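Note that the structure is a prediction, hence the values are computed from the model and not measured.
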Amino acid sequence: MASGTASRSEDEESLAGQKRASSQALGTIPKRRSSSRFIKRKKFDDELVESSLAKSSTRAKGASGVEPGRCSGSEPSSSEKKKVSKTPSTPVPPSPAPAPGLTKRVKKSKQPLQVTKDLGRWKPADDLLLISAVLQTNDLTSVHLGVKFSCRFTLREVQERWYALLYDPVISKLACQAMRQLHPEAIAAIQSKALFSKAEEQLLSKVGSTSQPTLETFQDLLHRHPDAFYLARTAKALQAHWQLMKQYYLLEDQTVQPLPKGDQVLNFSDAEDLIDDSKLKDMRDEVLEHELTVADRRQKREIRQLEQELHKWQVLVDSITGMSSPDFDNQTLAVLRGRMVRYLMRSREITLGRATKDNQIDVDLSLEGPAWKISRKQGVIKLKNNGDFFIANEGRRPIYIDGRPVLCGSKWRLSNNSVVEIASLRFVFLINQDLIALIRAEAAKITPQ
């Protein structure tokens with residue numbers, strides 16, 4: 001064994017000498033080798049025996065496909081040293097291909113990542129919405145147009161997702177597990193957004209448009225047809241959808257009137273006369289309703305305060321004038337009476353609005369109350385030859401006549417004691433019947449001539 005160690009050291013010295021000679025001939029300085037051993041010494045017999053045992057054990061491990069490891073007391077063989085000595089001058093050969101067992105593990109670990117990434121864009125709520133909508137309509141195009149998902153999906157993405165839920169066992173299993181973990185309130189909210197089927201809309205269309213159905217009507221409809229309606233339908237949801245169908249003329253007793261044929265072109269006033277005002281649905285403006293509610297509360301509070309002080313002011317007025325002033329005189333055609341002031345109409349046409357430095361009008365509504373929402377020229381009141389008063393809206397906000405909105409560009413006939421409301425300011429329109437009767441009589445005399 002001692003002779004073997006001596007021959008090994010001689011081989012190492014000869015290899016080191018050849019390496020120095022080749023490096024000097026090439027003109028390069030060889031890289032200094034370093035060892036992990038702290039003290040370089042020759043091995044004793046017992047250490048050589050232990051290293052041989054360690055090598056045999058590592059060879060057995062290497063045969064099973066795992067990279068062999070070296071013991072701390074082992075020394076590399078001469079063939080390994082030759083490979084190490086050649087590394088500075090020659091490129092490192094490519095590492096061998098990994099075992100087939102490792103490649104299979106890597107592939108298996110990548111598949112769940114891909115599925116999880118796909119599920120990250122499609123939320124469980126989206127899957128539940130998609131399933132309920134398809135069960136209702138049986139049409140993916142209608143689902144894409146009618147359902148609002150958490151992301152903006154294309155029709156192709158919706159189709160691919162539906163086919164994946166049907167035929168891909170991995171995605172279907174993960175989606176079902178995620179949907180089971182949803183909160184019951186979230187599930188109820190999602191089911192309430194389900195699209196209406198054709199059978200449901202057919203039953204709703206049988207409710208007459210001229211009738212005034214209540215929640216009890218739709219609740220009775222649910223009880224009579226439990227199989228036709230979706231399980232999450234409520235009477236309130238049916239009423240809202242019925243109103244939407246009525247707005248778009250989808251009920252059975254509704255018909256869309258065709259436009260008149262011919263060369264005659266209707267102007268705006270003729271088309272306005274053809275409109276049935278009773279069928280128009282008032283568009284709700286939540287901001288405006290809130291402002292009107294707040295203003296109404298404030299006005300009622302002020303009215304209560306004035307009513308409490310009314311007897312004091314009445315005594316003061318009676319003591320000064322001795323009589324109450326009449327609403328009309330010989331030159332007043334009509335009066336627009338508010339809570340604070342009265343506006344006398346003494347010409348056949350007056351303008352209403354908010355006066356500014358550059359804009360002077362006949363009736364300044366800012367004297368009655370807060371008028372910052374009123375246009376500079378809100379409207380015009382005009383008296384025609386037949387004795388009828390008409391108001392035309394020229395502002396941005398609607399004018400309410402007895403609760404009926406008059407939009408911009410429209411006009412409405414004013415009668416005696418009509419309530420005119422402009423941006424939470426209310427007035428009563430009073431007509432001088434005696435003077436208007438004289439005007440009508442004069443118009444009747446002029447007409448036969």
Side-chain angles (χ1 to χ4, degrees), residues 125-150 152-153 155 158 182 184-259 271-293 398 400-407 410:
D126 296 334
D127 291 333
L128 188 57
L129 264 175
L130 176 62
I131 293 171
S132 61
V134 172
L135 291 177
Q136 285 292 104
T137 60
N138 296 325
D139 186 9
L140 290 175
T141 305
S142 302
V143 172
H144 174 253
L145 295 175
V147 178
K148 185 177 181 182
F149 295 103
S150 61
R152 191 181 295 275
F153 296 112
L155 178 59
V158 173
L182 288 174
E185 294 181 358
I187 294 175
I190 292 169
Q191 290 178 347
S192 64
K193 300 176 183 178
L195 298 178
F196 278 77
S197 63
K198 293 182 179 179
E200 291 176 333
E201 291 185 345
Q202 187 176 3
L203 289 173
L204 287 176
S205 64
K206 294 180 180 179
V207 181
S209 61
T210 57
S211 62
Q212 300 294 332
T214 59
L215 289 177
E216 287 76 11
T217 306
F218 295 102
Q219 189 67 35
D220 182 58
L221 194 63
L222 279 175
H223 287 310
R224 284 191 284 109
H225 304 280
D227 298 334
F229 288 101
Y230 189 59
L231 56 93
R233 297 289 183 234
T234 59
K236 191 173 182 180
L238 294 183
Q239 186 181 24
H241 194 73
W242 178 83
Q243 291 175 353
L244 191 64
M245 293 176 65
K246 180 183 176 182
Q247 181 180 353
Y248 288 100
Y249 291 88
L250 298 176
L251 302 180
E252 287 185 354
D253 59 346
Q254 286 182 325
T255 56
V256 180
Q257 296 180 357
L259 293 176
E272 187 180 10
D273 294 337
L274 293 175
I275 295 175
D276 189 1
D277 295 331
S278 61
K279 294 183 180 180
L280 293 177
K281 183 179 178 182
D282 297 336
M283 300 300 293
R284 294 187 59 186
D285 189 355
E286 295 181 358
V287 178
L288 180 60
E289 289 180 358
H290 177 68
E291 293 174 356
L292 292 176
T293 304
Y400 293 87
I401 309 298
D402 295 330
R404 186 183 299 275
V406 179
L407 303 180
S410 303

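- Ile187 is linked by a side chain to side chain contact (heavy atoms under 4.5 Å, CB included) to Leu128, Leu182, Gln191, counting only residues two or more places apart in sequence or in another chain.
- Shortest non-hydrogen contact noted between Phe196 and Ala237 is CZ-O, 4.1 Å.
- Atom NE2 of His241 is separated from atom CZ of Phe218 by 10.5 Å, given to the nearest 0.5 angstrom.
- Atom NZ of Lys198 sits about 9.0 Å away from atom OG1 of Thr137, to the nearest 0.5 Å.
- Contacts of Thr293 classified as side chain to side chain contact (heavy atoms under 4.5 Å, CB included), with partners at least two apart in sequence or in another chain: Arg297.
- With sequence neighbours excluded, no residue satisfies salt bridge (Lys or Arg N to Asp or Glu O under 4.0 Å) with Glu286.
- Residues Leu250 and Glu201 are not in side-chain contact: their nearest non-hydrogen atoms beyond the backbone lie 4.5 Å or more apart.
- Expressed to the nearest 0.5 Å, how far CD1 of Ile190 lies from OG of Ser132 amounts to 8.0 Å.
- Just one residue in the list Leu130, Leu155, Ile131 forms a side chain to side chain contact (heavy atoms under 4.5 Å, CB included) with Val143, and that residue is Leu130.
- Minimum heavy-atom separation, Trp242 to Gly208: CZ2-O, 3.2 Å.
- When the side chain to side chain contact (heavy atoms under 4.5 Å, CB included) test is applied to Glu252, the partners found at least two apart in sequence or on another chain are Ser205, Lys206.
- In this structure, Leu135 CG and Ser197 OG are separated by 11.0 Å, a value rounded to the nearest 0.5 Å.
- Nearest heavy atom pair, residue Asp253 against residue Ser209, reads OD2-N, 2.9 Å.
- Pairing each heavy atom of Leu195 with each of Gln136, the nearest pair is O-NE2, 3.1 Å.
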- Query: What's the verdict on side chain to side chain contact (heavy atoms under 4.5 Å, CB included) for Leu238 and Leu203, showing C-alpha distance, side-chain angles and the deciding distance?
  - Reply: CA-CA 10 Å; Leu238 294 183; Leu203 289 173; over 6 Å; no
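- Side-chain atoms of Leu251 and Val207, non-hydrogen and from C-beta on, never get closer than 4.5 Å to each other.
- Taken from CG in Asp285 to NE2 in His290, the straight-line distance is 12.0 Å, to the nearest 0.5 Å.
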Below 3.5 Å, can you tabulate the donor-acceptor pairs from side chains in residues 222-231 to any protein atom, sequence neighbours excluded?
unit_1	atom_1	unit_2	atom_2	d
His223	NE2	Gln219	NE2	3.3
Arg224	NE	Asp220	OD2	2.9

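- Looking at residues two or more places apart in sequence or on another chain, you find a ring pair (Phe, Tyr, Trp, His ring centres under 6.0 Å) between Phe153 and Trp122, Phe149.
- In this structure, the separation between OG on Ser211 and NZ on Lys246 is 7.5 Å, given to the nearest 0.5 Å.
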